[in-house]
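Right, one structure below, let's go through it.
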Amino acid sequence: MQIHVINPNTTASMTDKIGACANRVAAESTRIHVSQPESGPVSIESHFDEAISAVGVLEEIRRGETLAMDAYVIACFGDPGLLAARELTRAPVIGIAEAGFHLATLISTRFSVVTTLSRTAIIAEHLLDQYGFGEHCRRVRATDLPVLELENPAGNAYQALLEECQRARDEDGIGAIVLGCGGMADLTERLTHDLQMPVIEGVSAAIKLAESLVSLGLGTSKHGDLAFPRPKPFAGRFADWGR
Ligand code: 5HY
């Protein structure tokens, strides 16, 4: 089984970290391909960043389709371009936010999300409502860490994240925590140990969900809104995207 993991931002160290996490949890028979768009923001921290990164995600899906991938993972907590990506393939496409939410509701009645900047918390709240998990999530908390602070080994990102998770554990009446950034993929075990509470990060969750769907022969439905886009000419820089 071949799974294409896409880091929608253009920071290679974060792409490597996400790839290492995916390889750590993937089944023996699963082959992980990891990539990032050639163009786009080094980190995704706003609606604007998301909109631009979504085009990069679609470029990577189009490339993956030429390599016959069995599934795709969008490894940014805003799940940028998720539905558009599903239109381009029969393979399952899993966003790490949606995957994290699904697993959290399987092991806890209520969970909280701990993410990066407070300005991106609203994006997670929109996704919770869009996916129908609003009732299950008690709170989306922000550490106000810029995304790339997670790439700074000398920084105090871990301590800031741990303290916000401790507040969530002690104040929100929850049974689990979902980490709100692909760049937190390598912190799960340590946080789980230090918090003594289930901590879920989306990259691992998405890999296991993708493997389950593929092994069940389930892919993106082509009936209804996720059918392939209707063929039409595209102008300008997207001219070769026309079908
Ligand atoms: C992410 N940004 O997972 C999101 C996190 C966020 O570049 N990778 C990013 O803050 O929404």
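Numbering of ligands and ligand atoms starts at 1, following listing order.
Put simply, part of Gly180 is less than 4.0 Å from ligand 1, judged by heavy atoms. Residue contact check for ligand 1: Val147 places a non-hydrogen atom closer than 4.0 Å to it.
Looking at Ile44, Asn7, Thr116, Ile96 and measuring to atom 9 (C) of ligand 1, the nearest heavy atom belongs to Ile44.
Ser118 and Asp144 share a donor-acceptor pair across their side chains, judged by distance under 3.5 Å alone. One side chain, Asn152 or Glu149, offers a donor N or O that lies under 3.5 Å from an acceptor on the other. Asp16 and Ser13 share no donor-acceptor pair across their side chains, judged by distance under 3.5 Å alone.
Against a heavy-atom cut-off of under 4.0 Å, Gly182 is close to the following atoms of ligand 1: 1 (C), 3 (O). Listed by atom number, the atoms of ligand 1 under 4.0 Å from Thr120 heavy atoms are 10 (O), 11 (O). Close contacts between ligand 1 and Cys76 involve ligand atoms 1 (C), 2 (N), 3 (O), 4 (C), 8 (N), 9 (C) [criterion: under 4.0 Å to a heavy atom]. Of all atoms in ligand 1, numbered sequentially from 1 with element shown, those under 4.0 Å from a heavy atom of Ser43 are 7 (O).
The closest side-chain heavy-atom distance from Leu179 to Leu191 is below 4.5 Å. Side-chain contact check for Leu82 versus Glu98: some heavy-atom pair is nearer than 4.5 Å.
Between Cys181 and ligand 1, a contact under 3.5 Å exists for no N or O pair. Residue contacts with ligand 1: Asn9 is placed with a nitrogen or oxygen under 3.5 Å of a nitrogen or oxygen of the ligand (distance criterion only).
Residues passing the salt bridge (charged side-chain N to carboxylate O under 4.0 Å, His left out) test with Lys208, sequence neighbours excluded: Glu211.
Within the cation-pi definition used here (under 6.0 Å to the ring centroid, within 45° of the axis), Arg190 qualifies as a partner of Tyr158.
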